Structure formats: structure tokens, C-alpha cells
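All values derive from a computational prediction rather than experimental measurement. Just the heavy atoms: all of them, side chains too, but no hydrogens, waters or symmetry mates, feed the values below.
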Amino acid sequence: MRGPYPVELPETFVTGRDDRWCGRFRLRFPQVSPWPDQHRTFTQVRAGWRSLVEETLSVLTAEVPGQVWPVHLLNQGVHGRGWEFDLGPPEADYLCWEMLSDVCYIDIRNLHRLIELLAPAVEDAHFFVYSMGDGLDRWVDEVRICDGHSSLARWNVLGEAWADFPTLCTELADSRAGDETLGRFVTLLSDR
């Protein structure tokens, strides 16, 4: 088995370049509930926590300028119709995790750091992010947010990314039979 290995979170956002972490990432977030489509998903912001999310996203853009981030703070009443989601009452706030384009050039450690900082503000979630990029960035990260804390684990893909993903899917499926979130993720990867 190629993992899971715990992911050590950086204490600050990363501005340098390390090819093990920075590359062509195809980010998918299809496992968080609610689960409207495979290109984006939503985590509900806890009531009263919107200001922390706004502050965190503001710090993020100041510390790592010029970076496009696959997360948006949206309100059901204000954004629901235009963004085509209907998940709760008009006052509900959500973080929309989105694959902004075919590829997203970011240091994935910064996404890990962002998840850690936002975890206290969102409801519990469990999802996977994978990269089938070029070079050293072939992996699957499992993210869990529970009671305001995040944890991350990584499976590394050996060999050629496209050819080796079915083997990884089989290993993942065999590792935790009965895990519905993992099952949806493996099904998604197997269909590709």
C-alpha cells in the first residue's frame, strides 16, 4: 500500500517552489455533503463564523498575492441562484470548493493550510483531493474535518499517473470496505 501517510501541515503559507507540492493539479472535491456535482462542492459555514472565514480569505490573498484559489465564500440568499445551488435557508453561508479550470497551479500545502485555518468555521466534512499532474505531483489526499479540526492523509501513486490510478483505486477500495465516502471517490476515479 502506498499510504496513507500523514500530511504535515505548514505553519505559514508557502511562497517558494517545491516540485513535490507545486504542479498541475486536477482538483476534485466531490465527496463533501451536500454533493451537487463533481466540479465543486460545498461545506456549510457554522452560524456566526462568517467573519472568521472572511478574515482568513483576506489574509490568504495578502500573504500569497496573485494566486487563484479554489474556494469561495457564498451565501445561499445572495449567490444561490447565480451559482445554481439550493442547499439551505437564505441566511446560510457556504464555502464552495471548486475546480476553477482543467488545472490549478498552486502549492497544495497552501490548500492544506487553508483547510486547517477554515476547519473551525465549517461543519464536519470528509472528502478527497487528487492530482494526476505531471512530474512528482501524483497523489490522493484524504481530508477530514471533524469538530473544527482537520486531518489529512496522502496516498502516493507509483509509476505512470494515468496507467496506475486503477491499481490505486483497487487498493483504496480494499483498504476500507463499507466507507461510503471512499466508495464514491473510488467510483469517480474508476469511471475515469
Task: Any side-chain heavy-atom pair of His112 and Asp141 under 4.5 Å - done: yes
Would a line drawn from the ring center of Trp97 to the ring center of His72 be shorter than 6.0 Å?
no
- Can you tell if the side chain of Gln76 reaches within under 4.5 Å of the side chain of Leu87, non-hydrogen atoms only? yes
**Prompt:** Counting N and O atoms only, with roles assigned by atom type, does the side chain of Asp93 sit under 3.5 Å from a partner on the main chain of Ala47, one being a donor and the other an acceptor?
**Reply:** no
message: Would the distance check show the side chain of Arg50 and the main-chain N or O of Val45 forming a donor-acceptor pair, the cut-off being under 3.5 Å?
response: no
Between the side chains of His126 and Glu142, is a donor N or O closer than 3.5 angstrom to an acceptor N or O?
yes
Could you check whether any side-chain N or O of Ser58 sits under 3.5 Å from a backbone N or O of Glu54, counting only pairs where one atom can act as donor and the other as acceptor? no
Minimal heavy-atom distance between Asp124 and Gly148, with the atoms involved, is OD1-N, 4.5 Å
Original post:
Donor-acceptor pair, Arg46 side chain versus Val122 backbone, under 3.5 Å?
Top reply: yes
Show the numbers, then the answer: is there a side-chain contact (heavy atoms from CB on, under 4.5 Å) between Leu117 and Phe13? CA-CA 11 Å; Leu117 292 173; Phe13 290 108; 3.8 Å; yes
Review point. Any idea how Tyr94 and Phe42 line up, ring-wise: parallel (<30°), tilted (30 to 60°), or perpendicular (>60°)?
Key: perpendicular
* Would you indicate whether the side-chain heavy atoms of Leu57 and Leu114 approach each other to under 4.5 Å? => yes
Taking Thr43's backbone N and O only, do any of them form a donor-acceptor pair with Glu123's side chain (distance below 3.5 Å, no angle check)?
no
